[in-house]
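To keep things clear, I will list the structure first and then write my remarks on it.
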Amino acid sequence: MLENYHIILASNSPRRRELLGGLDIDFEVKVLPDIEENYPGDLDIPEIPVFIASEKAAAYKDLMADNDLIITADTVVVLGHEVLGKPANLDDARRMLRELSGQTHQVITGVCLMTRQRQRSFAVTTDVTFKTLSDEEIDYYVEKYQPLDKAGAYGIQEWIGYIGVTSLSGSYFNVMGLPVQRIYNELLKF
């Protein structure tokens with residue numbers, strides 16, 4: 001069904017490459033350097049990752065061939081009314097994990113699918129609950145796994161997810177960074 005498209009995943013994330021590869025579709029990874037991930041301060045939190053994913057896709061618009069289909073994504077972790085992005089350093093990662101400890105938070109991934117003719121953007125939300133993490137567990141994870149490239153300072157597919165996540169409501173793959181179930185259904189509509 002997608003053979004008329006040249007699918008491009010616009011992401012450096014090895015997790016996103018792995019997840020999209022799990023759909024058994026042919027795609028290429030192409031990443032433009034220095035795309036800003038800023039957003040207007042007046043956006044509602046669920047709109048933030050969709051806005052950023054759409055902005056990432058827009059950067060490719062003038063470079064696309066007629067049969068290109070670009071997939072971009074952005075993931076945020078939300079605790080209460082605070083967006084936890086990627087930690088600035090290891091101390092910031094520890095702070096984030098302490099805040100998430102014993103709490104339920106949301107992981108929201110915004111996705112944009114774009115061709116030269118059409119664009120479809122959406123968000124998928126998953127609720128994740130952590131047990132109360134000890135300082136030793138947090139230190140072990142931060143020092144061994146270096147979570148500076150992950151929203152909320154953790155990867156659910158890593159050690160901290162194995163020992164810390166007590167419940168999940170929604171898509172596990174969304175928490176990894178790409179809601180492949182929804183992407184598959186949206187691609188079928190293209």
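Numbers here simply count residues along the sequence, with the first being 1.
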Problem - Side-chain donor/acceptor of R116 to backbone N/O of M64, under 3.5 Å - result: yes

Handout entry: Co-membership, hydrophobic cluster, residues Y141 and V128, 4.5 Å side-chain
Key = yes

Exercise for the section: Check whether more than 12 heavy atoms from other residues, nucleotides or ligands sit under 6.0 Å from atom NZ of K61, and answer yes or no. Expected result: yes

Practice task
Give a yes or no on whether the backbone of S171 and the side-chain of T126 come within a donor-acceptor separation of less than 3.5 Å.
Solution key: yes

Handout entry: E186 backbone acceptor or donor facing R120 side chain under 3.5 Å
Key = no

Exercise for the section: Determine, using ring centers only, whether F130 and H105 are less than 6.0 Å apart. Expected result: yes

Exercise for the section: Answer yes or no: is there a donor N or O on one side and an acceptor on the other, between the side chain of Y60 and the main chain of A10, under 3.5 Å? Expected result: no

Exercise for the section: Kindly check if the number of other-residue, nucleotide or ligand heavy atoms within 6.0 Å of CG (D62) is above 12? Expected result: no

Handout entry: T115 side, atom OG1; I7 side, atom CD1 - distance, nearest 0.5 Å
Key = 11.5 Å

Practice task
Indicate yes or no for a side-chain donor-acceptor contact from K131 to the backbone of S101 under 3.5 Å, with no hydrogens or angles considered.
Solution key: no

Practice task
Indicate yes or no: does K86 engage D149 in a salt bridge with an N to O separation below 4.0 Å.
Solution key: no

Exercise for the section: Spell out, as yes or no, whether a donor-acceptor pair under 3.5 Å connects the side chain of D68 to the backbone of A65. Expected result: yes

Exercise for the section: Verify, without hydrogens or angle tests, whether N89 (side chain) and D92 (backbone) share a donor-acceptor contact under 3.5 angstrom. Expected result: yes

Exercise for the section: Taking atom OH of Y39 as the centre, report whether more than 12 heavy atoms of other residues, nucleotides or ligands fall under 6.0 Å from it. Expected result: no

Exercise for the section: Give a yes-or-no answer on whether the side chains of R16 and T72 include a donor-acceptor pair shorter than 3.5 Å. Expected result: no

Exercise for the section: Report yes or no: do N174 and T109 form a side-chain donor-acceptor pair below 3.5 Å? Expected result: yes

Exercise for the section: Indicate yes or no for a side-chain donor-acceptor contact from Q103 to the backbone of L100 under 3.5 Å, with no hydrogens or angles considered. Expected result: no

